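The next block holds one structure in the form of structure tokens; read it before the comments.
Counting starts at 1 for both ligands and their atoms, following the listed order. One-based numbering along the sequence shown. The structure presented is a predicted model; accordingly, all values stated were derived computationally and were not measured. Hydrogens, waters and symmetry mates play no part in the numbers below; they use all other heavy atoms, side chains included.
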Amino acid sequence: MKKQQVVIFGGGTAGWMAANAMASKWSKEKIDITLIESSEIGIIGVGEGSTPRLKQFFDTLGIAESEWMPRCNASYKNGISFIDWSHKPGFESYFHPFISYTDRKTQSAFFYNSFARRKGFDVHAHPNRYFLTAYLSEKKLGPIPDYNFPFEVDYGYHFDSHLLGNFLREAAIKRGVRHIDARVTQVKQHENGDIAGLELETSAYVNGDFFVDCSGFRGELIQNTLKVPFISFDNNLFNDAAVVLPTPAQEQLNSQTLSTALKAGWAWNIPLQNRTGNGYVYSSSFCDKDQAEKELRTHLGLLDSEEEARHLRLKVGRVAHHWYRNCVAIGLSQGFIEPLEATALNLVANTIDDFIHSYEAGEFSNKHQAAFNQRVNSGFETIRDYIVAHYILNSRSDTDYWRANGENKNISESLKAILHCWYSGLNLGQEIEKQKIPTSYTAVSWYCLFSGYGIYPEGQQLQAATADVKRFNLADIDDFIKRCSANFKPHNELLEELTAPH
Ligand SMILES: Cc1cc2nc3c(=O)[nH]c(=O)nc-3n(C[C@H](O)[C@H](O)[C@H](O)COP(=O)(O)OP(=O)(O)OC[C@H]3O[C@@H](n4cnc5c(N)ncnc54)[C@H](O)[C@@H]3O)c2cc1C
């Protein structure tokens, strides 16, 4: 096989993640990788929370936390607290946990009690009490246990996206990726429509056999050049704008993201070592820029602050085909589901791995393109449905935005079946299995969402639980989780260890 030239267009987190993964999998004898980015255009510079998928990504590259985390002012993340999304008494907030091995012992009690409560028995069925990472987050403990506690905990990270980009750039260049800092001014196509090469502002021309579009929301190759249609999710995800405003670092760093519902969207709070990232993701149909900024400032207690806010527009949806002709789109160019569960880099990592595998398996041809596109699309749709569920299940009625979300009927058949299953007291695990929903959200996540919002019979519909229904002693669960947590250090201490000399 002739040596292949792969050209990555864009050096945001997606571009550099792709460059590292490809350079680590493909030998330099077979494939040359070039990444072109424009430091003048820059990167989007948000996207600072991850799922455990980012840990897997770094582990596969063999990059240790002590190498990258201090350089990116990173912190650990046990999960996300959702605050004020529901106004049901007792369910005003809940925690969506990353899972730990020890949850196996407690989650059966949660499933059982949750099931009993759906049947109308008054048992404790709020998720926070059943998951180790909920407790760790409440106590600001990190997710890595002492060596004598051999049970793993899944966790994600918070990080500065500019610094992460710098780190990944260095790592990719060390792996042999050629880096060009210049604006692409024109895309040339072959007669058959394939991409031939990129013309740069310097008049240089970079040709390639295969192109990776990581140009961000612009989608320069996949959307603008190849005209792959964009499928908007705006009829069921209303948020299309964000305003961003940092605050000083927390003294004792949270080990979780906070997501607080506001009048026309929600605000994130992401603890980094040198600052706290904050932003308000909202719908411009219900709130203008100035109102959003004022509401965020009020929420943060920053009404009088001189700190300038950054405003962003979001393009929510996905392209119809992520791999088309000799181009694959990765990152914001392929689509974006709003950042509520911090899933974008999850999708980026999945797309990269799947593409590398599919391209190789087809001997560097488009043989497996259709199956790849189908898998990536279904990854997008299932995450979208989980995010949509946060909005339609909300029990707020204080603003037009929340009422419109609650009344929205534009939902997929898959989500309809999940909702029906929950409301009818049927087995949710079986429904998820039946639908073959890909791994992003398991039954635990769905149970936490429904239960965390308090989607249960209420008031008169609830009856006292009889002794045979009360199968689990909550004090035992509390005690078990508390004893497990004794093996975990304060978050700050864990972060300090990353920089301590070994
Ligand atoms: C408000 C908000 C919050 C988010 N929160 C999260 C989160 O918590 N977790 C998460 O996982 N994700 C989050 N995301 C998504 C995350 O920001 C992105 O997935 C991630 O940063 C990757 O972006 P990217 O690399 O695709 O695009 P970008 O960062 O925009 O990079 C695009 C690259 O293309 C280059 N480029 C463009 N045009 C040209 C040209 N003509 N010539 C040369 N170079 C060019 C740019 O210079 C840049 O290098 C969030 C996004 C938004 C908008």
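The N/O atoms of Gly10, backbone and side chain alike, include none that comes under 3.5 Å of an N/O atom in ligand 1. Close N/O approach between Leu345 and ligand 1 is found [any backbone or side-chain N/O within under 3.5 Å]. The shortest N/O to N/O separation between Phe9 and ligand 1 does not fall below 3.5 Å. Inclusion of Ile44 in the set of residues having an N or O under 3.5 Å from an N or O of ligand 1 is warranted. Ligand 1 has no N or O atom lying under 3.5 Å from any N or O atom of Ile43, backbone or side chain. Between Leu332 and ligand 1, at least one N/O pair is under 3.5 Å apart.
The backbone and the side chain of Ala344 each have at least one atom closer than 4.0 Å to an atom of ligand 1 (non-hydrogen atoms only). Counting heavy atoms closer than 4.0 Å to ligand 1, residue Arg218 contributes side-chain atoms (C-beta onward) but none from N, CA, C or O. Residue Cys214 touches ligand 1 through its backbone alone, judged by heavy-atom distances below 4.0 Å.
Residues His322 and Gln334 bring a donor and an acceptor atom of their side chains to less than 3.5 Å of each other. Side-chain atoms of Tyr76 and Gln256 include no donor-acceptor pair closer than 3.5 Å. A donor-acceptor pair shorter than 3.5 Å cannot be found between the side chains of Thr202 and Arg183. For the residue pair Trp85/Glu92, the side-chain donor-acceptor check at 3.5 Å is not satisfied. With no hydrogens or angles considered, a side-chain donor-acceptor pair links Glu338 and Tyr391 at under 3.5 Å.
Aromatic ring centroids of Trp266 and Tyr280 lie 6.0 Å or more apart.
Cation-pi geometry between Lys315 and Phe230 is met: under 6.0 angstrom from the ring centre, within 45 degrees of the axis. For the pair Arg71 and Phe167, the cation does not sit on the ring face, since its NZ or CZ is not both under 6.0 Å from the ring centre and inside 45° of the axis.
What sits closest to atom 4 (C) of ligand 1 on the protein, heavy atoms only, is Pro339 CB, 3.5 Å. Among all non-hydrogen protein atoms, the one lying nearest atom 13 (C) of ligand 1 is Gly47 CA, 3.3 Å. For atom 46 (C) of ligand 1, the nearest non-hydrogen atom of the protein is Gly42 O, 3.0 Å. Phe336 CZ, 3.3 Å is the protein heavy atom nearest to atom 51 (C) of ligand 1. The shortest contact between atom 44 (N) of ligand 1 and any protein heavy atom is with Ser38 N, 3.2 Å. With respect to atom 10 (C) of ligand 1, the closest heavy atom belonging to the protein is Gly49 O, 3.5 Å. In terms of protein heavy atoms, atom 53 (C) of ligand 1 is closest to Leu314 CD2, 3.4 Å. What sits closest to atom 37 (C) of ligand 1 on the protein, heavy atoms only, is Ser215 O, 3.7 Å.
Those atoms of ligand 1 that come under 4.0 Å of a heavy atom in Thr13, given as number and element, are 21 (O), 25 (O). The distance from ligand 1 to the heavy atoms of Gly11 drops below 4.0 Å at these ligand atoms: 33 (C), 48 (C), 49 (O). Ligand-side atoms of ligand 1 in range of Glu48: 7 (C), 8 (O), range being under 4.0 angstrom from any heavy atom. Short contacts between ligand 1 and Ala242, defined as distances under 4.0 Å to a heavy atom of the residue, involve ligand atoms 1 (C). Shown in contact with Gly331 at under 4.0 Å from a heavy atom are these atoms of ligand 1, numbered in order with element: 26 (O). In the vicinity of Trp268, heavy-atom distances shorter than 4.0 Å reach the ligand 1 atoms 1 (C).
Ligand 1 lies out of reach of Trp16, whose nearest heavy atom is not under 4.0 Å from it. The closest approach between any non-hydrogen atom of Val46 and ligand 1 is below 4.0 Å. For the ligand labelled ligand 1, residue Ala182 lies inside the 4.0 Å heavy-atom shell.
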Worked check of side chain to side chain donor-acceptor pair (under 3.5 Å) between Tyr282 and Glu295 = CA-CA 11 Å; Tyr282 63 94; Glu295 200 188 344; over 6 Å; no

ring-ring contact (aromatic ring centres under 6.0 Å, His included) evaluation trace for His179 with Trp16 | CA-CA 10 Å; His179 176 218; Trp16 287 116; 5.3 Å; yes

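One N or O on the side chain of Asn278 and one on the backbone of Leu245 form a donor-acceptor pair closer than 3.5 Å. Checking side-chain atoms of Lys227 against main-chain N and O of Asn224 turns up a donor-acceptor pair under 3.5 Å.
Applying the side chain to side chain contact (heavy atoms under 4.5 Å, CB included) test between Val212 and each of Ile33, Ile352, Val328 identifies Val328 as the sole match. Residue Asn236 is tested with Ile387, Asn405, Val388 for a side chain to side chain contact (heavy atoms under 4.5 Å, CB included); the sole match is Val388.
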